[in-house]
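See structure below.
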Amino acid sequence: MSAPDGLRRRGLRFLRAHPRVLLRLAGWSVLEAGQAFLLGFALARALDDGFLAGRTRVGLGWLAVAGAGVLVGAYGTGRVYRAVAALVEPLRDRLVARVVECGVREADGGALSGLTQQVEIARDTFAGLVMVSRSFVFTAAGALIGLFSLAPVLLLVVVPPLIAGVGLFAVTLRPLARRQEAFLAADEALAGHLGAVCPGLRDITAAGAEDRIAADTGVYTDAELRAARSLARWGVARVVCLALGGHLPVVLLLAGGPWLLGHGVTPGALVGALTYVTQSLLPALADLVHGLGTSGSRLTVVLRRLAVPAAGGPPCATARDDTPLSPDAEVPAVSLTAVSFAYGPASAPVLDGLGLTLPAGGHLAVVGPSGSGKSTLVALVAGLVEAGRGEVRVFGRPTAEAGGLRVLIPQEAYVFSGTLAENLAYLRSGPVPESEMLAAAETVGLGPLLDRLGGTGADVDPATLSAGERQLIALTRAYLSRAPLALLDEATCHLDPEAEERAERAFAARPGGSLVVVAHRISSARRAGRVLVMDGPRTAYGTHKEVLRRSALYRELVGRWEPSSQPALALRDADGVDAVAGPGLAGDGRHVVAHGPMRQVQVPGDLRDRRALGGEG
């Protein structure tokens, strides 16, 4: 089966899976297209039965009908956008799931680009294509029905060139898509080449390699130029299609006006026909040609890339595995050996010669200032990026081969449209017993939200959930996975301290489970068996007491969290100001709280979540 045929069949299956949305979209489209019919028909009646017959009121009445049709059509357009959104968002959810299956769990770094860019391109272009395709079909139907109602002979003038223009456009779609794909490939190749060259310009100059690099770059620019010219040549075909199907009927109506008037077509009907062509058919055809010709080709390219697994990789259907994983307890859960990483050849290293070992079943908290490399470390263990030097292993395996041994929960949790059960069981290929889901929800702390939604079978609307609720769903989903290593990259930052502690203790207590937490609060570090303080060359690793003794930064962070040796002022002192923020101190909506030695001030509006202050690491 060819790629376009495969995409076409998948597209048809996707549309068949949403019959109610399609019916709703068609219904509102009929209402929207009503203005296309009324515009020409009402104008013809206004002339023939009103103004040309000397009855001004009748003419004005028909013009008012046309105006009312525009208002009704505008209302239909608003409802059309809602129906399109209900069709587009499930597609986006499927594409994101596809990217995750084929990329993140298989340690494919390119999947991040697909998730953040190509999926969004697919969603936006699909929405645009639905709008222009639907608009052309219903607008053309309304205009052609109007032409027939005015005078059937008008169809003989308008329909043949319209069919010829649309047919020619359909013939050019496939070669246009191929040229569009060639242009995108050339553009990406040039961007990748420049991405490798630009950070090293100083080295290129120092080595005297300007001419060689310029020649290499010229090869990429020439390839993109050739692809752009080829695409532009085929773009001319769109202009021909538009002229043939949209502009030629206008010329034929004007040139054949005397003949039409002599064969029973009234002046009002001729004006109405011109209105149908210029105000309805021509704009709808132009939107179809430009939208489908450019965006349609781009969507085909993007969907084809998202649908094909990485070269040499396993099929995406094998990404989930319900087989319990039992790694060797004697093999460390995470081991880094002299690992260095930088985000570019000319960039300063974020990690430089880092080495550590986390035993199987261990619990590690990673703390440090912003930009110190905490998330980079997690990305290395998760296999999202590769170390420049050194070795990263997960249960003794290279990160590229450890996809099923770890699960990453990022700060911004992803929840997709569907039932709560579908969200929770996403990392499992087979059905998950409801009793297991309920037990996991209770353990992690999802129980209250589960009860509020109405159970595991309740539909989830991500837009109605808070950031903390989405994090709880993602945490429970990861808890239900079979991966023995959980990576929490500030995955509890939107939870209160009690909920955060409950979730972390749940993961730490999983049988055979290991846990790495990028700590949002120092309390996370105190619960962990091992602490890694990332502080550039002063990085420290060990137990809480050991690191407290070795690291000045860690002592400072812990000091800000622990109560001061001096008693704090009462909440209702004369000035309404608390001098020291203790671990249990929370704003009551009427006070300003000053943070310890830094003297940073939070206004009452910042205390709305009533979390303890001073505990952020």
Side-chain angles (χ1 to χ4, degrees), residues 24-84 131-159 161-162 165-166 242 245-258 260-261 263-291:
R24 189 164 71 248
L25 180 60
W28 291 120
S29 296
V30 169
L31 185 62
E32 180 191 32
Q35 63 178 325
F37 170 79
L38 284 176
L39 190 61
F41 186 84
L43 186 56
R45 297 278 72 80
L47 289 173
D48 291 338
D49 300 338
F51 299 120
L52 294 180
R55 293 184 290 180
T56 304
R57 291 185 178 180
V58 174
L60 293 175
W62 278 110
L63 293 181
V65 171
V70 173
L71 294 178
V72 173
Y75 178 80
T77 300
R79 295 303 181 272
V80 162
Y81 276 103
R82 293 186 180 182
V84 170
M131 290 295 294
V132 299
S133 303
R134 170 209 56 84
S135 177
F136 175 77
V137 170
F138 286 93
T139 300
L144 294 177
I145 292 172
L147 286 170
F148 181 81
S149 65
L150 294 178
V153 70
L154 293 171
L155 294 176
L156 297 177
V157 180
V158 175
V159 171
L162 177 63
V166 174
L242 188 59
H247 295 288
L248 183 58
V250 177
V251 176
L252 295 178
L253 285 172
L254 293 175
L260 291 170
L261 293 174
H263 287 75
V265 178
T266 64
L270 183 59
V271 172
L274 287 169
T275 302
Y276 279 130
V277 174
T278 58
Q279 301 301 312
S280 298
L281 287 176
L282 180 57
L285 181 61
D287 289 342
L288 180 71
V289 168
H290 293 298

D287: side chain to side chain contact (heavy atoms under 4.5 Å, CB included) partners, not counting sequence neighbours: V132
Inter-residue atom distance H247.NE2 - L242.CG, 0.5 Å rounding: 4.5 Å
Check: T139 side chain, F136 main-chain N or O, donor-acceptor pair, under 3.5 Å: no
Residue pair T278 / L282: nearest heavy atoms and the distance that separates them: O-CB, 4.1 Å
Result block: side-chain N/O donor-acceptor pairs under 3.5 angstrom for residues 58-79, not counting sequence neighbours:
residue: Y75; atom: OH; partner: R79; partner atom: NH2; Å: 3.2
residue: T77; atom: OG1; partner: E32; partner atom: OE2; Å: 2.7
residue: T77; atom: OG1; partner: G73; partner atom: O; Å: 2.9

Side-chain (Y276) to main-chain (L147) donor-acceptor, under 3.5 angstrom: no
CG-CG distance between L253 and L248, expressed to the nearest 0.5 angstrom: 9.5 Å
Nearest-0.5 Å distance that lies between atom CG in L281 and atom OG1 in T275: 11.5 Å
Atom of P249, atom of P161 and distance for their closest heavy-atom approach: CG-CG, 3.7 Å
F51 six-ring face occupied by R55 cation (under 6.0 Å, within 45°): no
For P267 against L52, the heavy-atom pair lying closest together: CB-CD1, 4.0 Å
Between CZ on residue R45 and OG on residue S149, distance to nearest 0.5 Å: 8.0 Å
Test side-chain contact (heavy atoms from CB on, under 4.5 Å) applied to Y81 and M131, step by step: CA-CA 8 Å; Y81 276 103; M131 290 295 294; 3.7 Å; yes
Closest non-hydrogen atom pair, V265 against L261: O-CD2, 3.1 Å
Spacing of L47 atom CG and L270 atom CG [to the nearest 0.5 Å]: 10.5 Å
Straight-line distance of T266 OG1 to L150 CG, nearest 0.5 Å: 7.0 Å
